[in-house]
Amino acid sequence: MLHFVPNPVACWPLPGPATPALSVDGLCVTRGGRQILRQVSTAFAAGVVTVVVGPSGAGKTTLLNVLNGLVEPTGGEVFAHDFGAPHGVDSLRSSDSWAALRQHTATIFQDHALIGRLSALDNVLLAFAESRHPLSPFPWPRFAREAAAKALADVGLLDRAFDRVENFSGGERQRIGIARALARGPRLLLGDEPFSSLDQPLARRLGQDLRALAVRDGVTLVLVLHQIALARALADRIVGLNDGRVVFDGPAEIFDAEAEASVFTSTPNTKGS
Ligand SMILES: Nc1ncnc2c1ncn2[C@@H]1O[C@H](COP(=O)(O)OP(=O)(O)OP(=O)(O)O)[C@@H](O)[C@H]1O
């Protein structure tokens, strides 16, 4: 299902000169006889912040989980254009292709996905689990320790690096989850409600930090957000889902009240580019 395309193909209108890093075409996901994603086609560009919005149950998390390989589509295709994999057409449908994409991908999960009895630092270090067995008695490599410490500093928690995660608040845990996602310097960063446990000013500040990182380092950033004001503030591009269909796909500037209503109404009504 995953296709590496050596030359970027502009298959969907993206802001400015952007070309897609990742795109999906006619994506369908069916679970238990129910269609969760219906013919979803869109694209995500490097250095561009795409925010996915929509009512509860619209399929936002499912779309994100297709992009990080956790959910296998029942139909349609996923194309990776810009992850340095020199794959030919023959290898495009292999699990190796997904593994190559995953090497460059990090996800900030809604439930944080942390281990409570481990310290904040050890949780962030799990981002480097392939470089050392988590139960190994030997220290983590220096590059991993430095990257993990920097990521904790970036979210303002370096002074609590050795505290157990079970002693942190929900918002602090969310920041540790963000640090773990950032530690490896991903080229595709996916966030499923990454700021839901944070107060508004902190959500906005961390959101702007992620946005600055995406623009500076050319990271493909895809966020699922419930807070529409925050979505407008952070997004270059908004993808609106309703009942598994794309009902809005366009620049954040044209996501006006009418467009918002079309996404959150029960009768999908396509608008945008
Ligand atoms: N494995 C599954 N089996 C059956 N139904 C599923 C499965 N996973 C998700 N669903 C259903 O698919 C629909 C979309 O789920 P999804 O989590 O993608 O929506 P969402 O837009 O992220 O919702 P929310 O904003 O509430 O998190 C929901 O109705 C959910 O119950």
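The pair D249-R237 counts as a salt bridge, with a side-chain nitrogen and a carboxylate oxygen less than 4.0 angstrom apart.
Taking the side-chain hydrogen bond (donor to acceptor under 3.5 Å, both in side chains) definition, one finds that R211 meets it with D236, sequence neighbours left out. Partners of R164 under the side-chain hydrogen bond (donor to acceptor under 3.5 Å, both in side chains) rule, at least two apart in sequence or in another chain, are E166. Under the side chain to side chain contact (heavy atoms under 4.5 Å, CB included) criterion, R38 pairs with Q35, D243, R245, sequence neighbours left out. Listed by chain and residue number, nothing satisfies the side-chain hydrogen bond (donor to acceptor under 3.5 Å, both in side chains) test with R34 (two or more places apart in sequence, or in another chain). Remark: A127 engages R180, A183, R184 in a side chain to side chain contact (heavy atoms under 4.5 Å, CB included) (not counting sequence neighbours). Under the rule for a side-chain hydrogen bond (donor to acceptor under 3.5 Å, both in side chains), the partners of S169 that lie at least two apart in sequence or sit in another chain are E172. Partners of T62 by side chain to side chain contact (heavy atoms under 4.5 Å, CB included), not counting sequence neighbours, listed by chain and number: V29, I36, L37, V71. With sequence neighbours excluded, the residues satisfying salt bridge (Lys or Arg N to Asp or Glu O under 4.0 Å) with R232 are E260. Partners of D154 by salt bridge (Lys or Arg N to Asp or Glu O under 4.0 Å), not counting sequence neighbours, listed by chain and number: K150. Scored by the side chain to side chain contact (heavy atoms under 4.5 Å, CB included) test, F162 finds L121 as partners (sequence neighbours excluded).
Closest non-hydrogen pair, A46 versus G218, comes out as CB-O, 3.3 Å. The minimum heavy-atom distance between A120 and R160, with the atom names listed, is CB-O, 3.9 Å. The shortest heavy-atom contact between P186 and V219 is O-CG2, 3.5 Å. V155 approaches A179 most closely through the heavy-atom pair CG2-CB, 3.9 Å. The shortest heavy-atom contact between A252 and A235 is CB-O, 3.2 Å. Residue W140 comes nearest to F128 through the heavy atom pair CZ3-O, 3.5 Å, listed as atom of the first residue, atom of the second, then distance.
Counting heavy atoms from C-beta on, the side chains of L67 and V24 come closer than 4.5 Å. Residues I254 and I238 form no side-chain contact, since every pair of their non-hydrogen atoms from C-beta on lies 4.5 Å or further apart. Side-chain contact between I115 and V165 is absent, with no heavy atoms from C-beta onward closer than 4.5 Å. L27 is not listed as a side-chain neighbour of Q39, based on a closest heavy-atom distance of 4.5 Å or more. Proximity of P194 to L225: side-chain heavy atoms (C-beta onward) are separated by under 4.5 Å at one or more points. Between F195 and L210 the shortest side-chain heavy-atom distance falls below 4.5 Å. Looking only at side-chain heavy atoms (C-beta outward), V246 and S41 stay at 4.5 Å or farther from each other. In this structure, F44 and L188 have side chains that are not in contact, with every pair of non-hydrogen atoms separated by 4.5 Å or more.
When the side chains of ILVMFWY residues are joined at heavy-atom separations under 4.5 Å, either directly or via intervening members, L213 and L157 end up in a single hydrophobic cluster. A chain of hydrophobic side-chain contacts below 4.5 Å, direct or via other Ile, Leu, Val, Met, Phe, Trp or Tyr residues, connects L230 to I228. A single hydrophobic cluster is not seen to contain both F138 and V124; linkage of ILVMFWY side chains at heavy-atom distances under 4.5 Å, directly or through other members, places them apart.
Using a 3.5 Å distance cut-off with no hydrogens or angles, the side chains of T61 and D192 do pair a donor with an acceptor.
Between atom CD1 of residue I108 and atom CD1 of residue I178 there is a gap of 5.0 Å, rounded to the nearest 0.5 Å. The distance from the NZ atom of K60 to the CG atom of N242 is 9.5 Å, given to the nearest 0.5 Å. The CZ atom of F168 lies 14.0 Å from the CD atom of Q174; values are rounded to the nearest 0.5 Å. In this structure, the separation between CG on N68 and OG1 on T107 is 4.0 Å, given to the nearest 0.5 Å. Rounding to the nearest 0.5 Å gives a distance of 10.0 Å between CG of L22 and OG1 of T50. Expressed to the nearest 0.5 Å, how far CG of N123 lies from CG of L118 amounts to 5.5 Å.
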Q: Would you sort out whether L189 and L182 count as a side chain to side chain contact (heavy atoms under 4.5 Å, CB included), showing the intermediate values?
A: CA-CA 8 Å; L189 180 57; L182 293 180; 3.8 Å; yes

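When hydrophobic side chains of Ile, Leu, Val, Met, Phe, Trp and Tyr are connected at separations under 4.5 Å, F109 ends up clustered with L70.
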If you look only at distance, which donor and acceptor atoms sit under 3.5 Å apart when one is on a side chain in residues 198-205 and the other is two or more places apart or in another chain?
unit_1, atom_1, unit_2, atom_2, d
D199, OD1, L202, N, 3.0

